[in-house]
Amino acid sequence: MLTAALDLTTVLIVSAVIVTLIGILFVVDSFSRQDDPTGRTWSLAYLAGMISTFSYLASGMYPSLWWGIAIGNGAVVLSGASVWAGARRFNQRRSLLWVALAAALLTALVAVIGVPRGGVWAGSDVMIGATAVFGILAGVECFRRPMWSYRNGRFLGVVALLAGAYYAVRFVAYLRWGPLSPTFTAFAGTAISTLVVLIFVTGGAFAMVALRGEESRRSLFASASSGGAEQVAEREEFDVIASSILDAAERAEREASLVVADLDNVSTLNAAFGRAYGDHVLTRFVEVLREQLPAATPLSHARGNRFLFLVELAAGDAVHLAEQIREALLDEPLVPDQTGLRVTASFGVAGCAQAGYRLDGLRDAAMTAVDTAKRDGRNRVVQHAR
């Protein structure tokens with residue numbers, strides 16, 4: 001059996017270290033962002049997670065510290081409930097954080113009352129059941145607007161639902177066989193559940209950080225484009241406009257080209273100056289693109305640091321335009337501050353004469369070209385060749 005090979009104390013120690021590292025990184029990232037109430041609420045989830053792991057570890061190593069069980073149970077519920085409250089806040093609804101705090105306090109009180117006669121599993125039925133409920137609620141909340149429109153929001157929803165489902169199964173097993181039965185220990189005992197929870201914690205942290213970055217970029221791009229007619233379009237809107245232009249160009253036998261622009265080394269900027277600075281650079285990049293492109297050019301955010309635009313130019317002329325943009329980035333710092341940094345970008349160009357008039361084919365060709373530009377050293381323009 002797997003549980004026979006797992007030493008509980010070792011598992012708890014490893015869990016405490018991993019959860020603490022993830023929690024510290026998440027909390028630091030949250031408080032480095034301005035005006036991020038969602039991140040601060042989710043930080044509470046990771047702080048509670050750290051408290052629960054150390055509380056269980058302390059009570060397991062030193063039975064006299066029985067109150068660690070109560071604190072741990074309450075912190076587990078608070079952790080799951082804070083994910084739900086943060087998701088509500090992201091969706092611009094009341095967080096109802098008081099519900100999370102009340103549920104955690106009630107869970108802890110049940111454990112305090114039950115420990116003298118129930119031992120280490122006192123109040124665990126309440127803790128497991130409440131965690132299941134809040135996990136499912138958090139998952140459902142992630143599939144509400146506007147979070148569901150974000151890829152990482154949907155991923156977080158799946159993680160939360162899986163966590164809620166696991167705890168629901170664990171709750172049923174607890175009631176059916178009891179916490180000391182071989183069946184419960186084999187599939188839902190402390191050692192196994194700790195490992196499962198580590199997977200959910202890691203996946204949830206990744207989704208939360210990526211989601212807030214995705215939201216930040218989307219709002220920054222919308223802000224940057226709000227001052228003029230040439231807005232940064234959502235992908236669906238861009239696809240409709242670009243496909244219409246390509247159809248008209250094909251009928252009239254005119255040239256058109258799709259260009260992908262990828263800002264270089266943004267991750268290095270984030271590491272050196274903070275994510276807020278990197279987001280500001282991305283916003284300025286959007287502004288430079290809009291300044292350099294013709295007024296009616298459809299421009300859209302592809303993913304990460306990549307943008308794409310469609311111009312009614314032959315591939316050679318589109319390469320020339322991309323070179324102008326690349327040189328404009330080098331002329332002066334994107335952000336006029338004391339760093340004096342010159343930010344570069346890589347470009348991939350795909351013309352209809354080489355890649356056809358279908359948008360999907362053009363996009364794939366331009367993406368391949370910009371990948372080549374990045375691989376060959378960045379800060380260059382690469383044209384797709386048939």
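Quantities reported herein were computed from a predicted structural model and do not represent experimental measurements.
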Checking [Y] against [X]: is there a side-chain donor and acceptor pair closer than 3.5 Å?
| X | Y | value |
| --- | --- | --- |
| Asn379 | Arg326 | yes |
| Thr107 | Asn73 | no |
| Arg89 | Thr41 | yes |

For this session: Supply the atom-to-atom distance Phe187 CZ to Ser181 OG, rounded to the nearest 0.5 angstrom.
Result: 10.5 Å

Exercise. Between Arg380 and Asp264, is there a side-chain N and carboxylate O pair less than 4.0 Å apart?
Worked result: no

Seminar exercise, completed: Those residues at least two apart in sequence (or on a different chain) that pass ring pair (Phe, Tyr, Trp, His ring centres under 6.0 Å) with Tyr167 are none

Exercise. What residues form a ring pair (Phe, Tyr, Trp, His ring centres under 6.0 Å) with Tyr46, not counting sequence neighbours?
Worked result: Phe26

Exercise. With hydrophobic residues grouped by side-chain heavy-atom distances under 4.5 Å, do Leu109 and Trp67 end up in a single group?
Worked result: no

Exercise. Sequence neighbours excluded, which residues qualify as side chain to side chain contact (heavy atoms under 4.5 Å, CB included) partners of Cys352?
Worked result: Leu246, Ala256, Tyr357, Leu362

For this session: Could you walk me through whether Asp262 and Lys374 pass the side-chain contact (heavy atoms from CB on, under 4.5 Å) test, one step at a time?
Result: CA-CA 9 Å; Asp262 191 327; Lys374 302 287 279 190; 3.4 Å; yes

Exercise. Members other than Val240 in its cluster, when Ile, Leu, Val, Met, Phe, Trp, Tyr link by side-chain heavy atoms under 4.5 Å?
Worked result: none

For this session: Could you pull out all residues at least two apart from Glu255 that satisfy salt bridge (Lys or Arg N to Asp or Glu O under 4.0 Å)?
Result: none

For this session: Carefully, step by step, assess Leu321 and Val311 under the rule side-chain contact (heavy atoms from CB on, under 4.5 Å).
Result: CA-CA 10 Å; Leu321 175 60; Val311 288; 3.9 Å; yes

Expected list for residues 92-101: side-chain donor-acceptor pairs under 3.5 angstrom, two or more places apart:
unit_1 : atom_1 : unit_2 : atom_2 : d
Arg93  : NE     : Glu141 : OE2    : 3.0
Arg93  : NH2    : Glu141 : OE1    : 3.1
Ser95  : OG     : Leu97  : N      : 3.3

For this session: Give a yes or no on whether the ring-centroid distance for Phe307 and Phe285 is below 6.0 angstrom.
Result: yes

Exercise. How far apart are the C-alpha atoms of Arg358 and Asp247, what are their side-chain angles, what is the distance that settles it, and do they pass the salt bridge (charged side-chain N to carboxylate O under 4.0 Å, His left out) test?
Worked result: CA-CA 8 Å; Arg358 301 284 71 81; Asp247 288 343; 2.9 Å; yes

Problem set entry | Non-hydrogen side-chain atoms of Leu175 and Phe184 separated by less than 4.5 Å | no

Exercise. Does a side-chain heavy-atom distance below 4.5 Å link Trp42 with Leu156?
Worked result: yes

